[in-house]
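Report on the following structure.
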Amino acid sequence: MKTLATIAGVLALALPFTASADEAGEIEYMNHCAACHGESGMGDGPLAELMTVPVPDLTQVSAQNDGVFPLLDMIQVVDGRTGIRGHGYPMPVWGKRFKSEIEGDIGAYASEIVVRGRILSLAYYLESIQAE
């Protein structure tokens with residue numbers, strides 16, 4: 001019974017109640033990335049001018065990788081816990097931040113599942129905003 005409650009808690013935390021799976025990544029982006037990268041992902045957010053390194057245009061990731069979106073690389077950069085740090089260092093380690101928000105409530109294993117889901121949703125959203 002406790003396992004079922006944990007799964008229900010994980011699912012409840014994974015997406016806001018009003019969001020569809022398609023909207024989850026966009027919500028994560030607007031809440032956590034747009035301040036620096038801009039609402040359109042072009043690196044022109046209101047905090048971009050305060051950064052010590054240029055804020056990348058996230059709509060050009062595929063173009064800079066021979067037309068292929070490097071999904072795993074993006075997941076690792078956003079997560080930040082695997083040693084691949086985002087563009088310089090000022091970028092937050094989102095994996096650690098996301099996990100610290102919920103780990104005490106649902107435990108280490110369940111919180112890791114939620115974190116990976118949030119980051120995957122965000123990476124899929126970034127893939128969807130690539131310039132043609």
Tell me whether the count of non-hydrogen atoms from other residues, nucleotides or ligands lying under 6.0 Å of CZ in Phe69 goes above 12. yes
Quick one: list whatever passes side-chain hydrogen bond (donor to acceptor under 3.5 Å, both in side chains) with Glu26, sequence neighbours left out. none
Find out whether Val114 and Phe98 are in side-chain contact, i.e. whether some heavy atom of one side chain is under 4.5 Å from a heavy atom of the other. no
Below 4.0 angstrom, N of the basic side chain to O of the carboxylate: do Arg116 and Glu112 qualify? yes
Is any side-chain heavy atom of Lys99 closer than 4.5 Å to one of Arg81? yes
Is it the case that more than 12 heavy atoms not belonging to Glu39 sit under 6.0 Å from its CD atom? no
Backbone N or O of Gly67 within a donor-acceptor pair of the Asn65 side chain at under 3.5 Å? no
Drop me the distance from His32's NE2 to Arg97's CZ, to the nearest 0.5 angstrom. 9.5 Å
Are Leu120 and Met30 connected into the same hydrophobic cluster when the rule is that any two of I, L, V, M, F, W, Y join if their side-chain heavy atoms are below 4.5 Å apart? yes
Between atom NE2 of His37 and atom OH of Tyr29, what is the distance when rounded to the nearest 0.5 Å? 6.5 Å
Carboxylate-amine/guanidinium contact Glu101 Arg118, below 4.0 Å: yes
Considering all heavy atoms of both residues, which atom of Glu103 and which atom of Ala108 are nearest to each other, and what is their separation? OE2-CB, 3.2 Å
Kindly compute the distance separating CD1 (Ile119) from CG (Asp79), expressed to the nearest 0.5 Å. 4.0 Å
Mind listing the closest non-hydrogen atom pair of Gly41 and Asp57 along with its distance? O-OD1, 3.3 Å
Where is the tightest heavy-atom contact between Ile75 and Ala123, given as atom of each residue plus distance? CG1-CB, 3.7 Å
Once you round to the nearest 0.5 Å, how far does SG of Cys33 lie from CD of Glu28? 8.0 Å
Do Leu122 and Trp94 come close enough that some side-chain heavy atom pair is under 4.5 Å? no
May I ask whether Leu71 and Val61 are part of the same hydrophobic cluster, defined by side-chain heavy atoms of I, L, V, M, F, W, Y residues being less than 4.5 angstrom apart, directly or through others? yes
Any chance you could measure Leu126, atom CG, to Ser121, atom OG, to the nearest 0.5 Å? 11.0 Å
With no hydrogens and no angle check, is any side-chain donor or acceptor of Gln130 less than 3.5 Å from a backbone partner on Ser62? yes
Cluster overlap Val78 with Met42, hydrophobic side-chain contacts below 4.5 Å: no
Can you tell me how far CG of Leu50 sits from SG of Cys36, rounded to the nearest 0.5 angstrom? 8.5 Å
